[in-house]
Amino acid sequence: MQKSFEDMKLSDGEYFLMNMQVLEILKAYDITKNDNLLQYTKFLTNLLLNHNQNSSIYYINYCQILKRENKLTGENIDKIIDIRNNCDALEIKLGCNLLLDNKTEVNSLLKK
């Protein structure tokens with residue numbers, strides 16, 4: 001699969017589908033704990049971030065991988081906090097707070 005993406009030019013719609021694939025593979029990883037799945041999602045998120053470095057969604061999904069690997073750094077956390085504080089989108093705030101283990105704010109956002 002990785003080789004098929006290496007030289008391919010993708011449309012915005014295909015990048016959207018790739019991001020959805022990342023989320024599905026993360027769900028599969030959570031069930032199987034297969035490290036190959038996690039490495040594949042890391043490959044895909046790197047492609048996504050290379051396409052759009054300013055995408056909060058792509059960065060949050062990348063941090064989901066780092067969290068599963070126990071590799072979130074202080075720099076990652078600072079950027080997650082910055083994204084959360086500067087975004088009005090409920091799903092972005094929710095994703096950031098989940099990564100930060102901020103259960104109180106997650107529960108508050110879910111009620112909205």
Side-chain angles (χ1 to χ4, degrees):
M1 292 289 292
Q2 284 182 228
K3 285 188 182 269
S4 67
F5 284 117
E6 286 176 355
D7 296 321
M8 191 181 286
K9 293 192 188 271
L10 302 172
S11 69
D12 287 339
E14 289 168 319
Y15 281 108
F16 173 81
L17 292 174
M18 183 185 290
N19 188 57
M20 298 306 293
Q21 183 180 24
V22 166
L23 298 174
E24 291 300 319
I25 296 169
L26 285 173
K27 282 197 275 185
Y29 169 79
D30 290 340
I31 294 167
T32 66
K33 303 300 183 208
N34 181 328
D35 286 332
N36 290 328
L37 293 174
L38 206 55
Q39 294 311 308
Y40 182 54
T41 59
K42 191 178 280 188
F43 168 80
L44 293 176
T45 55
N46 282 325
L47 288 177
L48 291 165
L49 286 167
N50 285 336
H51 169 67
N52 183 352
Q53 294 177 5
N54 297 320
S55 171
S56 297
I57 295 287
Y58 297 164
Y59 188 76
I60 289 168
N61 290 342
Y62 176 70
C63 287
Q64 286 192 63
I65 297 164
L66 296 178
K67 184 166 182 138
R68 285 167 172 83
E69 295 177 323
N70 294 315
K71 293 183 179 177
L72 270 180
T73 65
E75 184 178 318
N76 297 130
I77 291 169
D78 289 345
K79 187 167 181 178
I80 292 166
I81 291 169
D82 186 55
I83 290 169
R84 180 197 63 191
N85 292 344
N86 292 301
C87 182
D88 293 327
L90 189 62
E91 64 276 2
I92 299 287
K93 287 188 175 293
L94 186 59
C96 290
N97 282 301
L98 285 167
L99 284 167
L100 298 168
D101 294 321
N102 188 346
K103 293 177 185 175
T104 303
E105 195 162 342
V106 167
N107 288 332
S108 175
L109 290 169
L110 286 173
K111 288 178 185 176
K112 290 181 181 181

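In what follows, every heavy atom counts, from backbone to side chain, and hydrogens, waters and symmetry copies are set aside.
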Roughly how far, to the nearest 0.5 Å, is OG of S56 from CD1 of I92? 5.0 Å

Backbone N/O of L47 and side chain of N50: donor-acceptor pair under 3.5 Å: no

So I25 and Y40, side chain to side chain contact (heavy atoms under 4.5 Å, CB included) or not? Walk me through it. CA-CA 8 Å; I25 296 169; Y40 182 54; 3.3 Å; yes

Q64 vs V22, test: side chain to side chain contact (heavy atoms under 4.5 Å, CB included). Steps then yes/no. CA-CA 10 Å; Q64 286 192 63; V22 166; over 6 Å; no

Restricting to side-chain contact (heavy atoms from CB on, under 4.5 Å), what partner residues turn up for F16, sequence neighbours left out? M20

Do M18 and L23 land in one hydrophobic cluster if side-chain heavy atoms of ILVMFWY residues count as linked below 4.5 Å? no

Which residues share a side-chain contact (heavy atoms from CB on, under 4.5 Å) with I77, sequence neighbours left out: I81, L100

Would you give the length of the straight line joining atom CD1 of I65 to atom OG1 of T45, rounded to the nearest 0.5 angstrom? 3.5 Å

Atom pair NZ (K79) and OG1 (T73), whose distance is rounded to the nearest 0.5 Å: 10.5 Å

Contacts of S108 meeting side-chain contact (heavy atoms from CB on, under 4.5 Å) (sequence neighbours excluded), chain-then-number -> none

CG/N97 to NZ/K103 distance, rounded to the nearest 0.5 angstrom? 13.0 Å

Apply side-chain contact (heavy atoms from CB on, under 4.5 Å) to T104 and list each qualifying residue two or more places apart in sequence or on a separate chain. N102

Test ring pair (Phe, Tyr, Trp, His ring centres under 6.0 Å) applied to Y15 - qualifying residues, sequence neighbours left out: H51

Pairs satisfying salt bridge (Lys or Arg N to Asp or Glu O under 4.0 Å), at least one member in residues 89-102, at least two apart: K67-D101

Among all residues two or more places apart in sequence or in another chain, which pass the side-chain hydrogen bond (donor to acceptor under 3.5 Å, both in side chains) test with N107? none

Taking atom CG of L37 and atom OG1 of T32, what is their separation to the nearest 0.5 Å? 4.5 Å

Residues in side-chain hydrogen bond (donor to acceptor under 3.5 Å, both in side chains) with N19, at least two apart? N61

So if you build clusters from Ile, Leu, Val, Met, Phe, Trp, Tyr with side-chain heavy-atom gaps below 4.5 Å, do L49 and L38 land together? yes

Pairs flagged by salt bridge (Lys or Arg N to Asp or Glu O under 4.0 Å) wherever residues 31-60 is involved - sequence neighbours left out: K42-E69

Could you give all pairs that pass the ring-ring contact (aromatic ring centres under 6.0 Å, His included) test and reach residues 54-95, with sequence neighbours left out? none

Please report the interatomic distance CG(L44) to CD(Q39), rounded to the nearest 0.5 Å. 11.5 Å

Would you mind listing every salt bridge (Lys or Arg N to Asp or Glu O under 4.0 Å) that reaches into residues 54-65, with sequence neighbours excluded? none

With sequence neighbours excluded, give me every salt bridge (Lys or Arg N to Asp or Glu O under 4.0 Å) pair touching residues 8-23. none

Take I80 and L72 through the side chain to side chain contact (heavy atoms under 4.5 Å, CB included) test and state the conclusion after the steps. CA-CA 10 Å; I80 292 166; L72 270 180; 4.3 Å; yes

